[in-house]
Amino acid sequence: MKKLKGLGGAGLISVWLSGFLLIALSFYGTLLLSPSLNNPSFHQESSTAPRITIFTALHSSSSSFISQAIRSWLALSSQVTVVIFTQHNNYSPSFTDTFGSRLVLDSTIDFTFLGTPFLHSMLARTEAYVSDLSVLIDPHTLLLPDFISALNHAHHLDRDWLLVSSSANIPRFPFHWDQTGRSWRHQDNGKRVRFGELQKMISQLNSSGGGGGSNMIMAWNNNVDSPLHCGVLPPFLYQRGTHNQWIVNEAMSCERRFVFDATSTVSSVLLSNVTEPKTRNWEYIGNSHLGKLYGSSSKSYALPKLLKCNKRYIFVTASERSIEPKGLNVGFRRREKISACVSRSKSRSLKLDPVRKDEAMPALKFPYDLESLLPLVADKNRTVVLSVAGFSYKDMLMSWVCRARRLAVPNFLVCALDDETYQFAILQVGSCCVQGLPVFFDPYAPKNISFNDCHFGSECFQRVTKVKSRTVLKILKMGYNVLLSDVDVYWFRNPLPLLHSFGPSVLVAQSDEYNTTVPINRPRRLNSGFYFARSDGPTIAAMEKVVKHAATSGLSEQPSFYDTLCGEGGVHRLGDDRCVEPETNLTVHFLNRDLFPNGAYGDLWLKEDVRGECEKKHCYVLHNNWISGRLKKLERQMMKGLWDYDASMRMCV
């Protein structure tokens with residue numbers, strides 16, 4: 001070798017080694033570099049441990065393994081807080097006291113009426129908690145200490161990241177945390193089990209085929225300027241398939257976060273003996289439809305992997321041939337060990353199925369009809385709140401549903417007038433709804449009508465309104481009370497307790513009279529867009545007469561209500577606010593207009609602060625009627641701030 005000027009023997013050796021390393025790197029492939037690998041502090045532990053919030057959600061089918069899983073999470077670090085999203089927050093004090101202040105129960109997210117959480121609502125709520133790192137995990141997943149090590153390593157990356165990892169599925173895990181919460185013990189003999197033994201067992205299970213996307217752990221650094229993905233998250237049902245693959249694909253496509261697979265470095269166990277009934281299969285199909293409809297990419301991405309080889313964390317590309325960060329002085333023998341470590345990890349990776357947008361989806365059919373929905377939805381008084389809507393009113397329907405949920409009125413039903421509304425109700429969300437919104441389709445609804453022109457007085461309006469009284473009568477005959485509320489009725493307070501107080505054989509209805517100097521029960525001033533009917537003999541008999549009268553009328557159902565119950569010209573009126581139908585002896589009570597104002601009463605809609613004016617009057621509801629045209633209704637309600645749905649985000653505001 002020709003001697004280079006200015007270099008001694010040690011310099012020559014250094015040059016020779018550098019050349020060898022370059023050749024070795026070329027042979028093994030190209031290394032995936034995270035920007036932080038150039039940071040001198042990359043491999044140093046932070047002097048301050050990151051604050052970590054672990055999120056999960058419980059639903060109707062959650063099992064008894066949850067306490068064991070929570071213990072494993074809290075044992076990871078004193079900086080870990082656990083937030084459990086739950087529908088009713090009805091856990092006993094002993095459950096929360098066991099874990100102390102580091103366990104938080106949050107009942108503010110949205111669930112279907114069957115108790116399934118909405119993922120987009122969960123992720124939106126995570127932003128309300130202050131922490132450095134967030135984790136989303138199945139409530140039945142146990143975590144071992146190497147998870148916190150991987151998070152601490154990722155915490156030092158100098159760019160935003162998303163860590164994903166698959167869990168080994170073990171039907172029976174024969175170990176538990178001891179009373180001190182510091183060690184694992186065998187359930188049979190009580191002997192202490194070393195972490196290495198647990199890690200080896202989990203590693204063997206993972207090496208038999210890896211894990212799927214359905215039992216994925218996700219963790220990310222919190223940065224409000226860097227969302228997990230671009231665009232809007234569809235209303236996926238949590239733990240019902242598709243959403244994990246969808247998020248990973250969209251995050252990779254978005255390229256705003258470094259997404260990597262930590263399955264090889266994280267030891268976790270999914271414990272669950274819960275099996276979903278076959279009637280819940282529609283939830284998985286619904287998520288598949290959403291995955292196909294939303295998002296920008298159907299490409300299947302191969303994720304880079306985080307490995308721990310020779311006590312050192314490294315990232316490797318999907319080819320699994322790149323083995324060390326550039327610039328590290330690694331000997332040949334050590335490099336061989338690292339190469340062997342990379343090879344061993346090949347079978348331990350997350351298996352993600354692509355979200356295929358071009359393949360045909362199975363038909364989405366809600367497995368509930370009106371008869372099966374009623375016992376699921378009705379409250380303790382056997383009462384349901386019914387609304388009827390067509391597709392052009394879908395956003396107003398969603399605002400109405402959002403408002404009902406905010407007022408803690410879960411016992412509502414939606415009758416879809418067309419297949420478009422039915423499909424929308426199953427697939428979309430209005431915070432707290434809809435993929436699982438209690439919706440049923442009326443096969444006898446009028447066909448070939450334009451709901452865009454379905455305003456008051458139109459032929460469409462006349463035909464559609466008659467669906468309402470027929471449906472109410474059907475529900476009454478099934479033994480349930482009904483509060484019929486149009487979607488353009490804005491609720492300020494829950495009126496059900498007041499309406500129940502009127503007793504049996506009384507139909508309570510809103511008055512459509514706007515003149516303050518005349519009786520509110522004047523002819524044809526009964527508003528059939530808001531009334532409460534009990535399931536009793538006189539009410540059912542009277543409603544049968546209304547339906548029969550409306551069937552032969554060329555008008556809407558509203559005149560049929562008044563003419564049948566109060567008599568033509570109001571011959572059966574009693575006082576200024578009642579009527580008595582003589583054959584059935586049913587009393588019709590017209591509601592106080594200060595509490596239940598119609599759209600023309602008191603010029604409330606003309607007030608600058610409509611909400612404030614109604615609250616002064618202690619209104620229960622305000623009807624957005626006495627205005628012609630769907631678009632004018634929408635504009636008025638939105639402009640006056642009586643709107644609870646963000647259509648762009650598919651969430652309540």
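The first residue of the sequence shown is numbered 1, and numbering continues consecutively from there.
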Problem - Donor-acceptor pair, side chain of Gln510 and main chain of Pro597, under 3.5 angstrom - result: yes
Practice task
Count the heavy atoms of every other residue, nucleotide or ligand shown that sit under 6.0 Å from OH of Tyr129, and state whether that count exceeds 12.
Solution key: yes
Problem - CG-CG distance between Leu499 and Leu507, expressed to the nearest 0.5 angstrom - result: 10.5 Å
Handout entry: Met638 atom CE, over 12 foreign heavy atoms within 6.0 Å
Key = yes
Exercise for the section: Look at atom CD of Glu371 and say whether more than 12 heavy atoms of other residues, nucleotides or ligands are closer to it than 6.0 Å. Expected result: no
Practice task
Work out which heavy atom in Val489 is nearest to a heavy atom in Ser485; give both atom names and the distance.
Solution key: CB-OG, 3.6 Å
Handout entry: Side chain proximity check, Lys477 to Leu473, heavy atoms < 4.5 angstrom
Key = yes
Problem - Separation between CZ of Phe236 and OG of Ser288, rounded to the nearest 0.5 Å - result: 9.0 Å
Exercise for the section: Please check if the side chain of Lys468 supplies one atom and the backbone of Val388 the other of a donor-acceptor pair under 3.5 Å. Expected result: no
Completion exercise
Result for side-chain hydrogen bond (donor to acceptor under 3.5 Å, both in side chains) between Asp644 and one of Trp400, Tyr490, Trp491 points to Tyr490
Problem - Residue pair Gln239 / Pro139, side-chain heavy-atom distance below 4.5 Å - result: yes
Handout entry: Validation row: Asn527, Gln558 side chains within 4.5 angstrom (heavy atoms)
Key = yes
Problem - NZ on Lys617 to CZ on Phe492, rounded to 0.5 Å - result: 12.0 Å
Practice task
Give a yes/no on whether the SG-to-SG distance for Cys566 versus Cys579 is below 2.5 Å.
Solution key: yes
Handout entry: Salt-bridge present (Asp110, Arg405; N to O < 4.0 Å)
Key = no
Exercise for the section: Could you tell me which residues satisfy side-chain hydrogen bond (donor to acceptor under 3.5 Å, both in side chains) with Asn585, sequence neighbours excluded, listed by chain and number? Expected result: none
Fill in the blank from the handout: dist Leu586:CG -> Thr564:OG1 (nearest 0.5 Å) comes out at 11.5 Å
Exercise for the section: Report the distance from atom NE2 of His289 to atom CH2 of Trp282, rounding to the nearest 0.5 Å. Expected result: 12.0 Å
Practice task
Could you check if a side-chain atom of Met478 sits within less than 4.5 angstrom of a side-chain atom of Leu370, using non-hydrogen atoms only?
Solution key: yes
Completion exercise
side-chain hydrogen bond (donor to acceptor under 3.5 Å, both in side chains) filter on Lys548, not counting sequence neighbours, yields none
Exercise for the section: Determine, step by step, whether Tyr645 and Lys394 satisfy the side chain to side chain contact (heavy atoms under 4.5 Å, CB included) criterion, reporting the C-alpha distance in whole Å, the side-chain angles of both residues, the deciding distance to 0.1 Å, and the verdict. Expected result: CA-CA 11 Å; Tyr645 178 60; Lys394 64 183 185 301; over 6 Å; no
Handout entry: Enclosure of Glu635 CD (heavy-atom neighbours >12, cutoff 6.0 Å)
Key = no
Handout entry: Residue among Asp486, Asp488, Asp512 satisfying side-chain hydrogen bond (donor to acceptor under 3.5 Å, both in side chains) with Asn625
Key = Asp512
Exercise for the section: Return yes if some donor-acceptor pair links the side-chain N/O of Lys466 with the main-chain N/O of Ala550 below 3.5 Å, else return no. Expected result: yes
Exercise for the section: Please check if the side chain of Asn287 supplies one atom and the backbone of Gly241 the other of a donor-acceptor pair under 3.5 Å. Expected result: yes
Handout entry: Basic-acidic side-chain contact under 4.0 Å: Glu613, Lys640
Key = no
Exercise for the section: Could you check Arg125 against Thr108 for side chain to side chain donor-acceptor pair (under 3.5 Å), going step by step and ending with a plain yes or no? Expected result: CA-CA 8 Å; Arg125 183 60 180 162; Thr108 62; 3.0 Å; yes
Fill in the blank from the handout: Applying side-chain hydrogen bond (donor to acceptor under 3.5 Å, both in side chains) to His500 and not counting sequence neighbours gives Thr383
Exercise for the section: For residues Met543 and Ser469, determine if any side-chain heavy atom of one lies less than 4.5 Å from a side-chain heavy atom of the other. Expected result: yes
Handout entry: Min side-chain heavy-atom separation Leu413-Tyr480 under 4.5 Å
Key = no
Practice task
Indicate yes or no for a side-chain donor-acceptor contact from Tyr562 to the backbone of Asn521 under 3.5 Å, with no hydrogens or angles considered.
Solution key: yes
Fill in the blank from the handout: All heavy atoms of Arg525 vs all of Ile520, minimum pair found to be CB-O, 3.9 Å
Handout entry: Name of the residue among Phe590, Phe502, Phe561, Phe596 meeting ring pair (Phe, Tyr, Trp, His ring centres under 6.0 Å) with Tyr531
Key = Phe561
Exercise for the section: Give the minimum heavy-atom separation between Glu513 and Asn598, together with the two atoms involved. Expected result: O-ND2, 2.9 Å
Handout entry: Test applied, side chain to side chain contact (heavy atoms under 4.5 Å, CB included); reference residue, Leu374; option that passes from Val384, Asn411, Asp369
Key = Val384
Problem - Test item: Leu642 and Arg611 side chains (from C-beta on) under 4.5 Å apart, heavy atoms - result: yes
Handout entry: Short side-chain to backbone donor-acceptor contact, Lys607 and Gly612, under 3.5 Å
Key = no
Handout entry: Minimum heavy-atom distance Arg240-His243, with the two atoms named
Key = N-NE2, 4.0 Å
Handout entry: Value rounded to 0.5 Å, distance of CG in Asp646 from CG in Asp395
Key = 10.0 Å
Practice task
Might you point out which heavy atoms bring Thr584 and Pro538 nearest each other, and give the distance in Å?
Solution key: O-CB, 3.5 Å
Exercise for the section: Check for a donor-acceptor pair, side chain of Ser553 on one end and backbone N or O of His549 on the other, with a separation under 3.5 Å. Expected result: no
Handout entry: Cys402 vs Cys652, disulfide bond (SG atoms under 2.5 Å apart): CA-CA, chis, key distance, verdict
Key = CA-CA 6 Å; Cys402 287; Cys652 291; 2.1 Å; yes
Exercise for the section: Could you check whether the rings of Phe85 and Phe55 sit parallel, tilted or perpendicular, using 30° and 60° as the cut-offs? Expected result: parallel
Exercise for the section: Could you tell me whether a side-chain N or O of Asn624 sits under 3.5 Å from a main-chain N or O of Lys633, the two making a donor and an acceptor? Expected result: yes
Problem - Residue pair Ile540 / Ser535, side-chain heavy-atom distance below 4.5 Å - result: yes
Practice task
For the pair Ser528 (side chain) and Glu557 (backbone), establish whether a donor and an acceptor sit closer than 3.5 Å, ignoring hydrogens and angles.
Solution key: no
Problem - Glu568 side chain vs Asp563 backbone, donor-acceptor pair below 3.5 Å - result: no
Fill in the blank from the handout: Heavy atoms of Trp246 and Leu233 approach each other most closely as CZ3-CD1, 3.5 Å
